[in-house]
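Residue numbering restarts at 1 for every chain, and letters A, B, ... go by the order of the sequence lines.
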There are 2 protein chains.
Amino acid sequence: MPVRSSTTGEPEDTPVPQRLLAVATRLFAERGYDRTSVQEIVEAAGVTKGALYHYFGSKDDLLHEVYARMLRLQQQRLDAVADSDAPVEERLRAAAADVVVTTIENLDDAMIFFRSMHQLSPEKYKQVRAERRRYHERFRALVEEGQRTGVFSTATPADLVVDYHFGSVHHLSTWYRTDGPLTPQQVADHLADLLLRALRP
Amino acid sequence: MPVRSSTTGEPEDTPVPQRLLAVATRLFAERGYDRTSVQEIVEAAGVTKGALYHYFGSKDDLLHEVYARMLRLQQQRLDAVADSDAPVEERLRAAAADVVVTTIENLDDAMIFFRSMHQLSPEKYKQVRAERRRYHERFRALVEEGQRTGVFSTATPADLVVDYHFGSVHHLSTWYRTDGPLTPQQVADHLADLLLRALRP
DNA sequence: GGCGGCAGACTAACCAGTCGGTATGTCGGG
DNA sequence: CCCGACATACCGACTGGTTAGTCTGCCGCC
C-alpha cells in the first residue's frame, strides 16, 4: 500500500529531485526565499535533508534552478518568434503577447524571479543578469528595427520602450489572479496592443 | 570634540529615530529586509538595540514606517494633480509623470516597497494594500473620465491601463541608474508620453 | 528624586549545512 | 549461480552560528 509521505498535494511517485524543485518553487513564491527553511521544503516534499543535499549543492542552487528553467523557456520562445519572417510589427506583437502568457502560466516562477533574484550568490546573480540582458537585447532589436524602417515612432528610445513593457510583465505577479475575469491570452492581447498603440508614428 | 559614533556617513546630530529610519531604509534597499539584522542597523546608526526598541515596537515597525512615509507623499501629490481643473489628458499626463519623478527621487523606498511588502505582518500588509488601492483607484478614475468624455480610447479596460503604467513605475528601481544618461524628469516625460500615446483614440 | 533615553548582556528559537550510517542495487569473477 | 565490492539514494541527529526581542540598570536633566 502506498504511503502518504507528504501533507501536501505533491504526487509521491514523481522523482525526488523534481518533487523538491516543485515544492521549493511553491514555497518560495508563497513565503519568500529567506523565510522558507530547508526543513520546510523537505517536509513538504516528504523526504529529509539528506535527500535534498544529495541532489542539490545548497539552498541557493535550488533557487538558481528555478531561474535557469524559466530563462531557458522564455529565451527559446522569443527566438522562435523573432526569427519568423512576418512583418516587424507582427513579430513584436507576438513577442510582447507571448512573454505575458508564459509569465502568467508560470506566475510562481515569475514572482520568485523578481522578488528573490538579488538573494542569489554573487556569481549566480551575475550569470542570471547576463542571460536576462541577452533576452532584453533581442527584444529591443525588434523595436529598433521597426523604428529604422519607419513603422514605429522614434519619439522614445528603444531601451525605454522595452523597460516600459517589461515593467508591466514584472508587475503581473502582483495583480493577476487566476480566478479573475480575464484569461491569460486576453491580458496578453491587451498589453501587446497597448505597446503597439504607443509605438504608432 | 564630536564623536564619530558611526562608520557610515549618517550625520550624528540628527535625532535618533530619524537616523534609525534613514539607516534602515538604506540597508533594507541594499541587502533586503530579511538579510538586514537589527544589530547591523543599530551599529550603522551608532546606537544600540535599547535605543531602537525604545522608539520602535519591532523590526517590522521600521519597515512599515518606510511605507507610510512614501504612501502619504504620493497620495497627496496625486490628489493635488487630480484636483486641478486642467483638461483630463493634462491631468493624467501630470499624474503619470509625477509618480515617476517621485519614485526615482526615492528609489530606495520604492525598491523596498516592491520587494519587501509581503514581509510585513499580515495586518500591516493589509493596511498598506488598502492605501495602495485608494491610490490606484484615484488614478484609474482619471483614465475612466477620459474614456467617458471620448479623449481616450476605450479599447483597453482602465484597470489594465493603470496596471500597465504602474508596472513600469515598479520596474524603475530595477534599471534606473542615477548616473545614467537620462534625468528623472526626462524618464518621466517619456513614460507619460508612452501612456498618453497608447490611449489615443 | 523621578523619568525619558539609552546601554548591552542575555535568552530562546532557529537555521543551513555536515556526517556517519543504512538499505538497496549492480556487476564481475569464481 | 552465488558472493563480495563498490555505488547510489537516502536518513536524521548534530554543530556552530545567527537572530529578534527582553530586561535590568545607569546617567543626566528637570
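Partners of His190(B) under the ring pair (Phe, Tyr, Trp, His ring centres under 6.0 Å) rule, at least two apart in sequence or in another chain, do not exist in this structure. By the salt bridge (charged side-chain N to carboxylate O under 4.0 Å, His left out) test, Lys124(B) pairs with Asp60(B), Asp61(B), sequence neighbours left out. Under the salt bridge (charged side-chain N to carboxylate O under 4.0 Å, His left out) criterion, Glu40(B) pairs with Arg31(B), not counting sequence neighbours. Taking Phe139(B) as the reference, His165(B), Phe166(B) meet the ring pair (Phe, Tyr, Trp, His ring centres under 6.0 Å) condition, with sequence neighbours excluded. Residues that satisfy the ring pair (Phe, Tyr, Trp, His ring centres under 6.0 Å) test with Phe152(A), not counting sequence neighbours, are absent from this structure. In terms of the salt bridge (charged side-chain N to carboxylate O under 4.0 Å, His left out) criterion, residue partners of Asp193(A) (sequence neighbours excluded) are, by chain and number, Arg93(A). By the salt bridge (charged side-chain N to carboxylate O under 4.0 Å, His left out) test, Arg148(B) is found to be paired with no residue, residues two or more places apart in sequence or in another chain being considered.
Distance CD (Glu40(B)) to P (dT19(D)): 7 Å, rounded to an integer number of Å. Atom CZ in Arg35(A) sits roughly 19 Å away from atom P in dA13(C) (whole-Å rounding). The interatomic distance linking Asp34(A) (CG) with dC15(C) (P) rounds to 11 Å, in whole Å. Rounding to whole angstrom units, CD of residue Gln39(A) and P of dA13(D) are separated by 10 Å. Protein atom NE2 of His54(A) is 17 Å distant from nucleotide atom P of dA23(C), rounded to whole Å. Taking atom CD1 of Ile41(B) as the reference point, atom P of dG21(D) lies 10 Å away to the nearest angstrom. Counting to the nearest Å, the C1' atom of dA20(D) and the CG atom of Leu20(B) are 15 Å from each other. Here the P atom of nucleotide dA16(C) and the OH atom of Tyr53(A) are 6 Å apart, to the nearest Å.
Val161(A) has its side chain within reach of Leu195(A): a pair of non-hydrogen atoms, C-beta onward, lies under 4.5 Å apart.
Near DNA chain D, meaning a heavy atom under 4.0 Å from it, residues 58-69 of chain B has Ser58(B), Lys59(B) in order of number. The stretch residues 111-124 of chain B has no heavy atom under 4.0 angstrom from DNA chain D at all.
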Anything under 3.5 Å between a protein N or O and an N or O of nucleotides 8-11 of chain C, put it in a table, one pair a line.
{"residue": "dG8(C)", "atom": "O6", "partner": "Gly50(B)", "partner atom": "N", "Å": "3.4"}

Distances under 3.5 Å only, N/O to N/O: pair up the protein atoms with those of nucleotides 25-30 of chain D.
none

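Arg200(A) contributes a side-chain N or O that, together with a main-chain N or O of Arg197(A), makes up a donor-acceptor pair within less than 3.5 Å.
Looking at every heavy atom in both residues, Ile41(B) comes nearest to Val23(B) through O-CG1, 3.7 Å.
A cation-pi geometry, defined here as NZ or CZ lying under 6.0 Å from the six-membered ring centre and within 45° of its normal, holds between Lys59(A) and Tyr33(A).
Residue pairs satisfying the ring pair (Phe, Tyr, Trp, His ring centres under 6.0 Å) criterion with at least one member in residues 60-89 of chain B, sequence neighbours excluded, are listed as follows: Tyr67(B)-Phe113(B).
Within 6.0 Å of CZ in Arg129(A) there are 12 or fewer heavy atoms belonging to other residues, nucleotides or ligands.
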